[in-house]
Amino acid sequence: LNKRKKLKLARVEQDLTQEELANRVKVTRQTIGLIEAGKYNPSLKLCLAICKTLSKTLDDIFWEEDEKK
Amino acid sequence: VNHYEHYEWEDERIKSANNKIHSEGFVLLLYGLLILIIIRVIILGHPFHSTWDIILLFLGASLYVTLRHVLSGNFSEEYEAIQASFRHKLSMVFSGLLAGIFFTVFRLLREGFPGTAGEVIEILVSLIVFVVVFMGVGWLMRKLSHRKAYQEIDN
(Lines give C-alpha, C1' and ligand atoms only; values in the text may rest on other atoms or scores of the structure.)
Protein backbone atom coordinates (compact mmCIF):
# COMPACT_ATOMS: atom_id res chain seq x y z
CA LEU A 1 0.00 0.00 0.00
CA ASN A 2 1.28 3.48 -0.76
CA LYS A 3 1.01 6.37 1.68
CA ARG A 4 -2.11 7.76 0.00
CA LYS A 5 -4.04 4.55 0.55
CA LYS A 6 -2.51 4.06 4.03
CA LEU A 7 -3.68 7.50 5.12
CA LYS A 8 -7.18 7.00 3.74
CA LEU A 9 -7.39 3.56 5.36
CA ALA A 10 -6.21 4.88 8.75
CA ARG A 11 -8.71 7.75 8.53
CA VAL A 12 -11.59 5.43 7.66
CA GLU A 13 -10.55 3.04 10.47
CA GLN A 14 -10.99 5.94 12.90
CA ASP A 15 -14.34 6.71 11.23
CA LEU A 16 -13.28 10.23 10.29
CA THR A 17 -14.16 12.23 7.20
CA GLN A 18 -11.52 14.31 5.42
CA GLU A 19 -13.07 17.43 6.93
CA GLU A 20 -13.01 16.01 10.47
CA LEU A 21 -9.37 15.00 10.17
CA ALA A 22 -8.54 18.38 8.66
CA ASN A 23 -10.24 20.18 11.56
CA ARG A 24 -8.33 18.13 14.12
CA VAL A 25 -4.92 18.81 12.58
CA LYS A 26 -5.87 22.42 11.79
CA VAL A 27 -5.58 22.40 8.02
CA THR A 28 -8.16 22.74 5.27
CA ARG A 29 -10.05 19.73 3.91
CA GLN A 30 -8.41 20.39 0.56
CA THR A 31 -4.96 19.76 2.09
CA ILE A 32 -6.00 16.33 3.40
CA GLY A 33 -7.61 15.59 0.04
CA LEU A 34 -4.42 16.52 -1.80
CA ILE A 35 -2.25 14.38 0.52
CA GLU A 36 -4.54 11.41 -0.08
CA ALA A 37 -4.44 12.08 -3.82
CA GLY A 38 -0.62 12.14 -3.69
CA LYS A 39 -0.53 15.72 -4.94
CA TYR A 40 0.91 17.34 -1.82
CA ASN A 41 3.81 16.28 0.40
CA PRO A 42 3.09 17.39 3.96
CA SER A 43 5.77 18.71 6.31
CA LEU A 44 7.06 16.51 9.14
CA LYS A 45 5.06 18.67 11.57
CA LEU A 46 1.80 17.94 9.73
CA CYS A 47 2.70 14.24 9.31
CA LEU A 48 3.18 13.99 13.09
CA ALA A 49 -0.12 15.78 13.76
CA ILE A 50 -1.94 13.40 11.41
CA CYS A 51 -0.28 10.33 12.96
CA LYS A 52 -1.11 11.44 16.51
CA THR A 53 -4.73 12.11 15.54
CA LEU A 54 -5.07 8.73 13.87
CA SER A 55 -3.11 6.92 16.65
CA LYS A 56 -0.54 5.65 14.17
CA THR A 57 3.23 5.95 13.80
CA LEU A 58 4.99 7.74 10.96
CA ASP A 59 6.04 4.35 9.59
CA ASP A 60 2.43 3.12 9.57
CA ILE A 61 1.25 5.89 7.25
CA PHE A 62 4.14 7.65 5.58
CA TRP A 63 6.88 5.06 5.14
CA GLU A 64 7.09 3.67 1.63
CA GLU A 65 9.08 0.61 0.66
CA ASP A 66 11.39 1.06 -2.32
CA GLU A 67 9.34 -0.09 -5.32
CA LYS A 68 12.45 -1.42 -7.12
CA LYS A 69 13.10 -4.01 -4.42
CA VAL B 1 -19.82 23.59 14.01
CA ASN B 2 -17.84 26.61 12.92
CA HIS B 3 -17.11 25.89 9.25
CA TYR B 4 -15.00 29.02 8.92
CA GLU B 5 -12.66 28.20 11.83
CA HIS B 6 -9.93 27.17 9.35
CA TYR B 7 -9.63 30.80 8.24
CA GLU B 8 -7.80 31.41 11.53
CA TRP B 9 -5.36 28.55 10.94
CA GLU B 10 -2.13 28.73 9.08
CA ASP B 11 -2.47 25.85 6.66
CA GLU B 12 1.12 25.06 5.61
CA ARG B 13 0.05 24.21 2.03
CA ILE B 14 -1.81 27.50 1.58
CA LYS B 15 1.04 29.42 3.25
CA SER B 16 3.64 27.83 0.97
CA ALA B 17 1.44 28.36 -2.13
CA ASN B 18 1.01 32.03 -1.12
CA ASN B 19 4.78 32.41 -0.69
CA LYS B 20 5.36 30.84 -4.11
CA ILE B 21 2.82 33.14 -5.80
CA HIS B 22 4.30 36.22 -4.11
CA SER B 23 7.82 35.15 -5.03
CA GLU B 24 6.86 34.61 -8.69
CA GLY B 25 5.09 37.98 -8.70
CA PHE B 26 8.21 39.61 -7.29
CA VAL B 27 10.42 38.04 -9.98
CA LEU B 28 7.99 39.24 -12.68
CA LEU B 29 8.09 42.73 -11.21
CA LEU B 30 11.90 42.71 -11.03
CA TYR B 31 12.26 41.58 -14.67
CA GLY B 32 9.59 44.11 -15.66
CA LEU B 33 11.64 46.87 -14.04
CA LEU B 34 14.79 45.66 -15.81
CA ILE B 35 13.00 45.66 -19.18
CA LEU B 36 11.61 49.13 -18.42
CA ILE B 37 15.13 50.42 -17.63
CA ILE B 38 16.56 48.89 -20.83
CA ILE B 39 13.75 50.36 -22.97
CA ARG B 40 13.96 53.82 -21.42
CA VAL B 41 17.74 54.15 -21.14
CA ILE B 42 18.97 52.26 -24.23
CA ILE B 43 16.14 52.28 -26.76
CA LEU B 44 14.50 55.64 -25.98
CA GLY B 45 17.77 57.22 -24.81
CA HIS B 46 16.29 58.82 -21.69
CA PRO B 47 18.94 60.41 -19.43
CA PHE B 48 19.73 58.61 -16.16
CA HIS B 49 18.30 61.42 -14.01
CA SER B 50 14.83 60.86 -15.48
CA THR B 51 14.86 57.14 -14.63
CA TRP B 52 16.79 57.19 -11.36
CA ASP B 53 13.69 56.20 -9.31
CA ILE B 54 13.15 52.99 -11.31
CA ILE B 55 16.88 52.19 -11.32
CA LEU B 56 17.08 52.76 -7.55
CA LEU B 57 14.05 50.51 -6.99
CA PHE B 58 15.57 47.78 -9.17
CA LEU B 59 18.99 48.01 -7.51
CA GLY B 60 17.46 48.17 -4.02
CA ALA B 61 15.29 45.08 -4.60
CA SER B 62 18.19 43.16 -6.20
CA LEU B 63 20.52 44.13 -3.34
CA TYR B 64 17.94 43.01 -0.78
CA VAL B 65 17.53 39.60 -2.43
CA THR B 66 21.31 39.14 -2.76
CA LEU B 67 22.01 40.15 0.83
CA ARG B 68 19.31 37.82 2.15
CA HIS B 69 20.86 34.95 0.15
CA VAL B 70 24.33 35.79 1.49
CA LEU B 71 23.14 36.06 5.11
CA SER B 72 21.16 32.82 4.81
CA GLY B 73 24.31 30.99 3.74
CA ASN B 74 22.72 29.97 0.42
CA PHE B 75 25.94 30.47 -1.59
CA SER B 76 28.01 28.25 0.70
CA GLU B 77 27.98 25.17 -1.51
CA GLU B 78 28.79 27.27 -4.55
CA TYR B 79 31.85 28.62 -2.70
CA GLU B 80 32.99 25.10 -1.79
CA ALA B 81 32.53 23.98 -5.41
CA ILE B 82 34.61 26.91 -6.71
CA GLN B 83 37.35 26.18 -4.14
CA ALA B 84 37.40 22.51 -5.06
CA SER B 85 37.01 22.34 -8.81
CA PHE B 86 38.72 23.95 -11.79
CA ARG B 87 35.50 23.70 -13.82
CA HIS B 88 33.64 25.88 -11.31
CA LYS B 89 36.53 28.39 -11.21
CA LEU B 90 36.34 28.56 -14.98
CA SER B 91 32.56 29.05 -14.96
CA MET B 92 33.01 31.95 -12.49
CA VAL B 93 35.49 33.58 -14.89
CA PHE B 94 33.12 33.03 -17.83
CA SER B 95 30.19 34.58 -15.98
CA GLY B 96 32.44 37.57 -15.15
CA LEU B 97 33.44 37.92 -18.80
CA LEU B 98 29.82 37.62 -19.95
CA ALA B 99 28.72 40.33 -17.49
CA GLY B 100 31.65 42.47 -18.67
CA ILE B 101 30.60 42.07 -22.29
CA PHE B 102 27.00 43.07 -21.41
CA PHE B 103 28.33 46.08 -19.50
CA THR B 104 30.50 47.15 -22.46
CA VAL B 105 27.72 46.66 -25.02
CA PHE B 106 25.43 48.72 -22.78
CA ARG B 107 28.06 51.49 -22.62
CA LEU B 108 28.67 51.43 -26.37
CA LEU B 109 24.94 51.64 -27.12
CA ARG B 110 24.55 54.61 -24.77
CA GLU B 111 27.77 56.49 -25.47
CA GLY B 112 28.47 55.48 -29.07
CA PHE B 113 31.41 53.59 -30.53
CA PRO B 114 34.99 54.74 -29.83
CA GLY B 115 36.62 56.93 -32.46
CA THR B 116 40.21 57.12 -31.24
CA ALA B 117 42.78 54.62 -29.94
CA GLY B 118 42.60 56.32 -26.54
CA GLU B 119 38.86 55.69 -26.31
CA VAL B 120 39.33 52.04 -27.28
CA ILE B 121 41.95 51.63 -24.52
CA GLU B 122 39.62 53.37 -22.04
CA ILE B 123 36.80 50.94 -22.89
CA LEU B 124 39.13 47.93 -22.61
CA VAL B 125 40.43 49.13 -19.22
CA SER B 126 36.89 49.70 -17.94
CA LEU B 127 35.94 46.21 -19.19
CA ILE B 128 38.87 44.62 -17.31
CA VAL B 129 38.11 46.62 -14.13
CA PHE B 130 34.42 45.62 -14.36
CA VAL B 131 35.25 41.91 -14.81
CA VAL B 132 37.75 41.93 -11.91
CA VAL B 133 35.36 43.80 -9.57
CA PHE B 134 32.42 41.60 -10.66
CA MET B 135 34.36 38.40 -9.94
CA GLY B 136 35.85 39.83 -6.74
CA VAL B 137 32.47 40.86 -5.33
CA GLY B 138 30.97 37.52 -6.38
CA TRP B 139 33.76 35.59 -4.69
CA LEU B 140 33.53 37.73 -1.54
CA MET B 141 29.75 37.23 -1.33
CA ARG B 142 30.15 33.47 -1.66
CA LYS B 143 32.90 33.42 0.97
CA LEU B 144 30.81 35.50 3.40
CA SER B 145 27.81 33.27 2.74
CA HIS B 146 29.96 30.18 3.40
CA ARG B 147 31.22 31.66 6.67
CA LYS B 148 27.67 32.56 7.69
CA ALA B 149 26.41 29.04 6.93
CA TYR B 150 29.14 27.47 9.09
CA GLN B 151 28.53 30.00 11.89
CA GLU B 152 24.93 28.82 11.99
CA ILE B 153 26.00 25.16 12.09
CA ASP B 154 28.54 25.83 14.87
CA ASN B 155 25.99 27.76 16.91
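Order of the sequence lines sets the chain letters (A, B, ...), proteins ahead of strands, with each chain counted from 1.
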Could you check whether atom CD of B:E77 has more than 12 heavy atoms from other residues, nucleotides or ligands sitting under 6.0 Å from it? no

Measuring from B:E12:CD to A:T31:OG1, what's the distance to the nearest 0.5 Å? 7.5 Å

d(A:I32 CD1, B:D11 CG) to nearest 0.5 Å is 8.5 Å

Please list, in residue-number order, every residue in residues 48-59 of chain A that has a heavy atom less than 4.5 Å from any heavy atom of chain B; write 'none' if there are none. none

For B:F26, look at atom CZ and say whether over 12 heavy atoms of other residues, nucleotides or ligands are found less than 6.0 Å away. yes

Set of salt bridge (charged side-chain N to carboxylate O under 4.0 Å, His left out) partners for A:E20, sequence neighbours left out: none

Return yes when atom CG of B:D53 has more than 12 non-hydrogen atoms of other residues, nucleotides or ligands closer than 6.0 Å, and no otherwise. yes

Quick one: pull up CD1 in B:I14 and CD in A:Q30 and give me the separation to the nearest 0.5 Å. 6.5 Å

Between A:V27 and B:R13, does a side-chain contact (heavy atoms from CB on, under 4.5 Å) hold up when you go through it step by step? CA-CA 8 Å; A:V27 294; B:R13 182 187 56 81; over 6 Å; no

Tell me every residue that passes side-chain contact (heavy atoms from CB on, under 4.5 Å) with B:K20, counting only those two or more places apart in sequence or in another chain. B:E24

Residue B:R107 excluded, over 12 heavy atoms near CZ under 6.0 Å: yes

Is it possible for you to say whether B:L56 and B:F106 belong to one hydrophobic cluster, with membership spreading through side-chain heavy-atom contacts below 4.5 Å? no

Test side-chain hydrogen bond (donor to acceptor under 3.5 Å, both in side chains) applied to B:H88 - qualifying residues, sequence neighbours left out: B:S85

